[in-house]
Amino acid sequence: MEPMKWEKFEEYKAQGENQGKVLERFYKGIEEARRDIQAKKAAYDELIVREVAEGVDLSKEKKATKQAEIEAEKALEYAREDLARASQVRGELFDGITQDDLFDDWNNIFVPKVKKEVIEPVEEYFRQARATYLDALLKAHEVHQVYGGLWDKHNNGVLKNMRRNNASVLPRPIFDFYQLPRIKEKDQEYVRKKKKLPEKDTKVLAHTGGVK
């Protein structure tokens, strides 16, 4: 069984994706600034390697590269400020679905819908099953009382002290109340773990059409 789709949440997710696209350019600016800083650091390191390897003085180049790195770091700072402000503006202008809207929809729309369409039918199945079981139990007690009494009467009467092949025998029982089908703990455990009915119960429901 798949859970019922929460429509308002699906709308909220789609809305979030659209809002993310609004800020995509600002995130991209931050990423570009970070890559630029790494490139400037690598270039500065390469200059030092050349100075050592070639025995040359690259002070001017290093100064220019270091200044470029500083400018790149400032660009990253500005990009982060832009993103923060853009996020703030988006929040001020935004008039879509909020978390409060989701909370209210969950409590007042979604859960009542699930209860009506999914939970209440299951509860009704349980009410019917309980009533059917107790009705069957009542009938079984009545049968046990009537025919158990009838057996006792004749076992202690006309069929008393019967013998076959030089051995005492009892008349055949009519009804054994304690051999009736019961719901055992192992049956419930089977359903919980296997997520299906035992085969014998599946056959019963297939024959009867299930709980009405």
Side-chain angles (χ1 to χ4, degrees), residues 1-127 185-197:
M1 172 186 290
E2 293 294 327
M4 183 182 294
K5 182 181 292 186
W6 185 11
E7 297 293 346
K8 184 66 70 174
F9 178 65
E10 294 300 323
E11 295 173 12
Y12 180 77
K13 287 197 301 182
Q15 164 188 287
E17 292 173 0
N18 293 332
Q19 291 175 25
K21 291 178 181 178
V22 172
L23 300 179
E24 188 174 330
R25 179 171 62 86
F26 296 94
Y27 283 109
K28 185 177 180 181
I30 290 176
E31 187 59 32
E32 289 176 350
R34 285 173 176 165
R35 286 199 298 267
D36 193 28
I37 291 172
Q38 292 303 316
K40 298 299 187 293
K41 288 180 179 293
Y44 189 86
D45 185 69
E46 179 63 26
L47 291 174
I48 294 177
V49 171
R50 285 182 58 195
E51 282 186 322
V52 174
E54 301 173 13
V56 295
D57 183 3
L58 299 176
S59 299
K60 292 183 179 180
E61 289 83 350
K62 287 195 299 180
K63 182 178 180 179
T65 303
K66 178 59 69 173
Q67 185 61 38
E69 181 184 334
I70 293 173
E71 292 300 324
E73 290 175 345
K74 288 182 179 180
L76 175 59
E77 182 180 349
Y78 296 150
R80 286 171 173 165
E81 291 176 355
D82 287 348
L83 174 60
R85 178 53 180 157
S87 298
Q88 180 183 7
V89 171
R90 184 192 64 172
E92 293 171 351
L93 299 178
F94 173 61
D95 60 356
I97 301 171
T98 65
Q99 279 190 301
D100 283 337
D101 295 330
L102 285 178
F103 186 81
D104 291 339
D105 187 87
W106 174 274
N107 287 340
N108 302 317
I109 304 297
F110 180 68
V111 170
K113 182 179 180 182
V114 173
K115 281 185 172 294
K116 181 177 181 180
E117 298 183 17
V118 180
I119 307 303
E120 289 181 6
V122 172
E123 292 174 341
E124 180 60 24
Y125 290 160
F126 267 84
R127 283 191 288 269
E185 179 60 33
K186 67 177 183 179
D187 299 320
Q188 298 184 54
E189 188 70 14
Y190 180 92
V191 170
R192 284 195 294 268
K193 290 184 176 181
K194 301 292 186 178
K195 310 300 182 185
K196 64 178 183 179
L197 293 176

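A distance-only check finds no donor-acceptor pair linking the side chain of Glu11 to the backbone of Ile97 [under 3.5 Å]. When atom types are taken as modelled, the side chain of Asp82 and the backbone of Ala79 share no donor-acceptor pair closer than 3.5 angstrom.
Around atom CZ of Arg25, no more than 12 heavy atoms belonging to other residues, nucleotides or ligands sit under 6.0 Å away. Residue Arg35 places its CZ atom among more than 12 non-hydrogen atoms of other residues, nucleotides or ligands, all under 6.0 Å distant. In the displayed structure, Gln188 atom CD is contacted under 6.0 Å by more than 12 heavy atoms of other residues, nucleotides or ligands. With a 6.0 Å radius and a threshold of 12 heavy atoms from other residues, nucleotides or ligands, Glu185 has its CD atom above the threshold.
Arg80 places none of its side-chain heavy atoms less than 4.5 Å from the side chain of Phe26. With a 4.5 Å cut-off on side-chain heavy atoms, Glu77 and Glu73 do not count as touching. Between Lys62 and Tyr44, some side-chain heavy-atom pair lies under the 4.5 Å cut-off. Side-chain contact between Glu24 and Lys28 is absent, with no heavy atoms from C-beta onward closer than 4.5 Å. Side-chain atoms of Asp57 and Glu51, non-hydrogen and from C-beta on, do get closer than 4.5 Å to each other. Side-chain contact between Glu7 and Phe110 is absent, with no heavy-atom pair separated by less than 4.5 Å. A heavy-atom distance below 4.5 Å is found between the side chains of Ile119 and Glu123.
Summarising the geometry, atom CD belonging to Glu54 is positioned 10.0 Å from atom CG belonging to Leu47; distances are rounded to the nearest 0.5 Å. The line from CG of Asp45 to OG1 of Thr65 is 11.0 Å long, rounded to the nearest 0.5 Å. Atom CG of Asp104 is separated from atom CD of Gln99 by 12.0 Å, given to the nearest 0.5 angstrom.
Under a 4.0 Å N-O distance rule, the pair Lys40/Asp36 qualifies as a salt bridge. Salt-bridge annotation for Glu124 and Arg127: present, with a side-chain N of the basic residue lying under 4.0 Å from a carboxylate O of the acidic one. Under a 4.0 Å N-O distance rule, the pair Glu69/Lys66 qualifies as a salt bridge. A salt bridge links Glu189 with Arg192; the closest basic N to acidic carboxylate O contact falls under 4.0 Å. Ion pairing of Glu120 with Lys116 is absent here, as no side-chain N (NZ or NE/NH1/NH2) approaches a carboxylate O to less than 4.0 Å. With respect to the salt-bridge test (charged N to carboxylate O, under 4.0 angstrom), the residues Glu10 and Lys13 qualify.
Here the closest non-hydrogen pair linking Ala75 and Ala33 is C-CB, 4.2 Å. Between Arg34 and Leu76, the shortest heavy-atom distance links the atoms CG-CD1, 3.9 Å. The minimum heavy-atom distance between Asn107 and Val111, with the atom names listed, is O-CB, 4.4 Å.
Every side chain to side chain contact (heavy atoms under 4.5 Å, CB included) that Ile109 has, sequence neighbours left out, goes to Asp105. Scanning for ring pair (Phe, Tyr, Trp, His ring centres under 6.0 Å) contacts around Phe9 gives Trp6, with sequence neighbours left out.
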List the steps and the verdict of side chain to side chain contact (heavy atoms under 4.5 Å, CB included) for Met4 and Val118. CA-CA 9 Å; Met4 183 182 294; Val118 180; 4.0 Å; yes

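A donor and an acceptor atom, one from each side chain of Asp100 and Thr98, are nowhere located under 3.5 Å apart. Defined by atom type and a distance below 3.5 Å, a donor-acceptor pair is present between the side-chain atoms of Arg85 and Gln88.
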